[in-house]
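A short worksheet on the structure shown next.
Letters A, B, ... mirror the listed sequences (proteins, then strands); counts begin at 1.
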Number of protein chains: 2
Amino acid sequence: MISNKAKYAFRALLAIASQPEGEALTSAEIARTHSIPHKFLEQILLDLKKAGILDSRRGKSGGYVMLRPADTVSFGEVLRLFEGPLAPLPCLSRNAYRRCEDCVSEAACEIRREFGRAYDASRQVLDSRTLADALHNNPYGVEPGHEVRRAG
Amino acid sequence: MISNKAKYAFRALLAIASQPEGEALTSAEIARTHSIPHKFLEQILLDLKKAGILDSRRGKSGGYVMLRPADTVSFGEVLRLFEGPLAPLPCLSRNAYRRCEDCVSEAACEIRREFGRAYDASRQVLDSRTLADALHNNPYGVEPGHEVRRAG
DNA sequence: CATAATGTCTATCTAACTGGTAGGGATAAG
DNA sequence: CTTATCCCTACCAGTTAGATAGACATTATG
């Protein structure tokens with residue numbers, strides 16, 4: 001199960017990304033319309049800003065807007081931001097690679113091999129599908145080469 | 001990342017499943033050869049026994065053997081035993097279904113839709129691959145209908 | 001029967017994490 | 001100057017992870 005924090009982040013991002021270009025949403029508005037604890041949401045939006053996904057305006061008539069276009073923000077990227085590495089084993093993570101303490105051979109490890117298959121399958125979805133795909137309900141797995149579109 | 005408990009369980013199961021028919025492995029042997037804390041492993045093996053996957057013999061020359069054949073025990077089943085539901089969202093879990101607190105429509109939920117795709121992909125691997133597949137390094141995705149072999 | 005080696009069960013402990021809450025401070029509009 | 005907003009940090013209660021400990025039950029063997 002993903003954390004509430006991550007789930008809130010997706011709700012907020014989808015709300016912000018579906019605003020008309022340039023129109024900001026305040027944390028209070030998002031919190032109210034999506035039943036998210038306000039101060040908790042503020043932390044989340046701040047994280048998204050620090051990650052370069054959102055931009056913010058302070059003061060009266062402030063709020064949040066997308067900094068990067070919604071079709072460049074993948075589900076995997078957001079999830080990693082709040083959950084850390086998505087790999088089921090440390091030895092399968094690209095960014096947070098760590099060998100298992102008592103590993104003899106990664107190539108021969110059955111657990112690594114099988115979980116690698118599961119991870120590949122999951123990653124192919126999460127790292128290719130973007131906020132824009134979700135909002136437009138874009139079909140999945142139709143166009144060839146969809147695995148690596150704008151969202152890296 | 002999966003828990004150490006689950007990882008230890010897979011190590012132990014693969015060790016037991018690769019023993020010659022009828023030959024038991026003791027918790028102490030497994031703990032030593034795989035660098036697993038002995039008492040911790042005992043709890044794990046007990047869980048696997050209670051789940052009907054392993055059988056045990058007590059007393060001198062005791063130990064653990066497979067109760068069900070290795071080609072009927074899927075990775076998903078073992079993982080669920082130690083990690084609980086694998087679904088990324090409660091509303092995607094078959095066994096532990098729960099609607100999101102403030103859900104308006106599951107059919108319209110973009111988050112549910114996208115995570116459903118990721119979960120499907122991952123589940124297709126985990127619920128089809130068995131301990132025997134892992135031990136024999138059986139190829140994956142070759143034979144049609146492999147999704148539902150002996151392991152349900 | 002005694003002993004030693006095993007599995008079985010339950011309790012306990014510490015550190016980290018989850019899911020918040022709280023209270024300011026900085027900034028900008030009007 | 002007031003008010004609404006974002007920004008930042010600290011804190012807290014409950015749960016979970018990852019064990020550790022100790023006693024009890026069962027069985028093979030001498």
Is the shortest distance from a Lys or Arg side-chain nitrogen in B:Glu110 or A:Arg11 to a carboxylate oxygen in the other one below 4.0 Å?
no

Salt bridge A:Arg123-A:Asp120, side-chain N to carboxylate O under 4.0 Å
yes

Could you walk me through whether B:Ile111 and A:Leu14 pass side chain to side chain contact (heavy atoms under 4.5 Å, CB included), step by step?
CA-CA 9 Å; B:Ile111 303 173; A:Leu14 290 171; 3.7 Å; yes

Given C:dT18, is OP1 or OP2 found less than 4.0 Å from the side-chain N or O atoms of A:Asn4?
no

May I ask you to say what B:Phe82 touches in the nucleic acid, namely base, sugar-phosphate or nothing, with a heavy-atom cut-off under 4.0 Å?
nothing

Out of D:dC8, C:dT8, C:dA29, minimum distance to the side chain of A:Lys60 belongs to C:dA29

Separation of D:dT5 P from A:Leu54 CG (nearest whole Å):
17 Å

Nearest-Å distance for atom pair CG/P, residues A:Asp55 and C:dT27:
16 Å

With DNA chain C as reference, determine whether A:Pro37 or A:Gly59 sits nearer its 5' end, using the nearest nucleotide of each.
A:Pro37

Can you find a side chain N or O atom of A:Ser27 that sits less than 4.0 Å from OP1 or OP2 on D:dC6?
yes

Nucleotide C:dA26, atom P - distance to CG of A:Leu46 in whole Å:
15 Å

Contacts table for residues 80-98 of chain A: side-chain donor-acceptor under 3.5 angstrom, sequence neighbours left out:
residue, atom, partner, partner atom, Å
A:Arg80, NH1, A:Asp127, OD1, 2.9
A:Arg80, NH2, A:Tyr119, OH, 3.2
A:Arg80, NH2, A:Asp127, OD2, 3.4
A:Glu83, OE1, A:Ser3, N, 3.4
A:Glu83, OE1, A:Ser3, OG, 2.6
A:Glu83, OE2, A:Ser3, N, 3.4
A:Ser93, OG, A:Ala96, N, 2.9
A:Tyr97, OH, A:Glu106, OE2, 2.5

Residue whose nearest DNA chain C nucleotide is more 5′ - A:Glu83 or A:Ser61:
A:Glu83

From the list D:dC6, D:dG22, D:dG18, which nucleotide is the closest neighbour of the side chain of A:Tyr64?
D:dC6

Rounding to a whole Å, what distance do you find between B:Leu25:CG and C:dT6:C1'?
13 Å

Answer yes or no: does a side-chain N or O of A:Ser56 lie under 4.0 Å from OP1 or OP2 of D:dC7?
yes

Nearest-nucleotide check on DNA chain D, A:Lys50 vs B:Tyr8; residue mapping nearer the 5' end is A:Lys50

Is any side-chain N or O of A:Lys49 closer than 4.0 Å to OP1 or OP2 of D:dC7?
yes

Between C:dA22 atom C1' and A:Phe40 atom CZ, what is the distance in whole Å?
14 Å

Nearest-Å distance, CE (A:Met1) to C1' (C:dG19)?
16 Å

Taking donor-acceptor contacts at under 3.5 Å, does the side chain of A:Lys39 reach the base of C:dG19?
no

Nearest whole angstrom, please: distance from the C1' of D:dG18 to the CZ of B:Arg11.
14 Å

Could you check whether the side chain of A:Lys7 and the base of C:dG19 have a donor-acceptor pair of N or O atoms closer than 3.5 Å, going by distance alone?
no

Would you say B:Met66 and B:Leu13 make side-chain contact, with heavy atoms under 4.5 Å?
yes

Whole-Å distance separating the CD1 atom of A:Ile44 from the P atom of C:dT21
12 Å

Per the atom types in the model, does the base of D:dT20 pair as donor or acceptor with the side chain of B:Gln43 at under 3.5 Å?
yes

Check if the side chain of B:Glu42 and the base of D:dT20 share a donor-acceptor pair of N or O atoms closer than 3.5 Å.
no

Any heavy-atom pair between the side chains of B:Tyr140 and B:Asp133 that's under 4.5 Å?
no

